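These numbers come from a predicted model, not from an experiment. Remember, it's 1-based here, ligands and their atoms both numbered in the order they're listed.
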Amino acid sequence: MSADVPHAPSASRAALALFARSFRGRPRSAASAPGRVNLIGEHLDYNGGPVLPMAVARRTAVVAAPGRFFEAVTARDGVVDRFDPAGPMRGAWTDYLAGVVRALERRGVRLPGASLAVASTVPEGGGLSSSAAPTVAAARALAALSRARLGAEVLAEVAWEAEHEEVGVRCGRMDQVIAALAAPGKALLYDTGTGARRAIPFRGKLWLVDTGVRHRLTDGGYNQRRGECEEALRALRAQGWSLPSLAAYPLDRLPPELPPNLARRATHVVTESERVRHAAAALAARDLRTLGRLMTESHLSLRDRFEASCEEADVLVEAAGRLGAYGARLTGAGWGGTVIVLLPERDAARVIVELQQQFGRIYGRIPEAWSTGASSGVKREPLPGRS
Ligand code: GLA
């Protein structure tokens with residue numbers, strides 16, 4: 001158990017050391033971007049609904065220098081991969097970086113090549129947006145190399161295009177927007193239907209418990225769910241509903257007349273949108289008890305209607321409730337990753353240890369747990385010898 005991961009080496013120090021080990025010459029730019037949790041509002045960002053994410057204390061850093069071709073190394077394996085952004089995607093991790101380069105080029109940022117070192121303290125596949133953090137950080141570091149001045153909103157869009165258009169994960173914009181625009185001490189209410197954003201203070205700490213179950217967005221379940229939501233919207237429009245998005249279907253007309261699986265997906269989307277609106281009001285009023293209750297309801301909807309949970313997460317959420325947490329839910333795309341737990345600060349240490357032990361008795365391993373406040377979005381990182 002750890003608070004704000006003080007023992008975790010800083011991602012930017014690790015990326016600088018990796019750069020020095022892997023490439024000749026000096027780095028010319030460095031940037032980092034945070035992982036995120038979504039407090040509530042799951043699978044709404046591609047359905048036109050509101051989401052309520054915040055940045056966490058763990059980050060991904062990218063250190064870069066200009067070059068004649070593109071090459072990148074990640075601290076994960078220390079192997080330098082040469083890639084060609086003009087060529088086809090190869091199923092390699094550097095596809096994400098190639099996507100960033102292409103999206104930057106579309107905005108007139110031209111680079112003949114670059115050497116990039118990437119290091120991260122965001123657990124991969126942990127549902128904490130381990131892919132938006134590097135793309136947003138890379139967009140910032142590469143833009144700095146060419147002295148392009150791109151605002152945070154443009155960086156978010158560049159990173160989203162890299163993942164959505166180039167790599168082909170049909171994600172929404174939540175992860176990139178929070179990684180680029182997060183403000184310390186604040187969660188972000190982001191209405192993906194209108195694009196409106198409102199920062200809401202999040203003063204306390206949130207606990208994160210890693211189920212240890214890993215799922216990658218490229219595995220297919222995510223795109224399948226998105227396809228089902230699109231099918232539901234098409235079917236409702238064919239019935240005569242004039243809807244800008246699935247989230248706009250009226251709450252008081254649930255369940256919709258659709259095949260059972262599509263009706264469940266649509267009911268999740270519509271009820272979840274309503275929960276987010278209540279949750280945002282509760283957070284603004286510092287009513288953590290109500291926020292927690294809504295988080296747990298959100299989890300149950302993700303489990304039963306969206307069918308995107310996993311047993312380990314269900315066990316943790318249920319146990320957290322019994323142990324006196326305000327609420328808990330699986331955050332991110334689902335099918336594994338991290339359970340977030342909101343609980344009274346004075347009980348936190350006791351409840352989290354008990355939660356880990358209960359999990360340990362069932363699964364024979366102690367899940368990692370840590371806490372975080374709301375952290376900051378993308379930023380430049382200092383280079384050695386400069387301030
Ligand atoms: C992933 C995607 C996001 C969002 C969530 C589910 O994190 O990248 O766009 O759809 O899943 O809420």
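Every atom of ligand 1 is numbered from 1 in the order shown, and the set under 4.0 Å from a heavy atom of E42 is 6 (C), 12 (O). Residue-ligand proximity, Y46 to ligand 1, at heavy-atom distances under 4.0 Å covers atoms 10 (O). The distance from ligand 1 to the heavy atoms of M174 drops below 4.0 Å at these ligand atoms: 4 (C), 5 (C), 12 (O). Within ligand 1, counting atoms from 1 as listed, the ones closer than 4.0 Å to a heavy atom of Y222 are 1 (C), 2 (C), 3 (C), 4 (C), 9 (O), 10 (O), 11 (O). Near R36, the atoms of ligand 1 lying under 4.0 angstrom from a non-hydrogen atom of the residue are 7 (O).
For CZ of R76, the number of neighbouring non-hydrogen atoms (other residues, nucleotides, ligands) closer than 6.0 Å is greater than 12.
The side-chain contact (heavy atoms from CB on, under 4.5 Å) check on A328 picks up V317, A320, V339, V341, with sequence neighbours excluded. Under the rule for a side chain to side chain donor-acceptor pair (under 3.5 Å), S146 has no partner lying at least two apart in sequence or in another chain.
Polar contact check, D175 against ligand 1: a nitrogen or oxygen pair lies under 3.5 Å apart. In terms of polar-atom proximity, defined here as any N/O pair under 3.5 Å, G172 does make such a contact with ligand 1.
Of the heavy atoms in H164, none comes closer than 4.0 Å to ligand 1.
Residues R225 and E228 are paired through a salt bridge, judged by an N-O separation under 4.0 Å between the basic side chain and the carboxylate. Looking at R173 and E157, a side-chain N of the basic residue comes within less than 4.0 Å of a carboxylate O on the acidic one, giving a salt bridge. In summary, E161 and R107 engage in a salt bridge, as defined by a charged side-chain N under 4.0 Å from a carboxylate O. R234 and E230 are not joined by a salt bridge, as no carboxylate oxygen comes within less than 4.0 angstrom of a charged side-chain nitrogen.
In this structure, R170 has no heavy atom closer than 4.0 Å to ligand 1.
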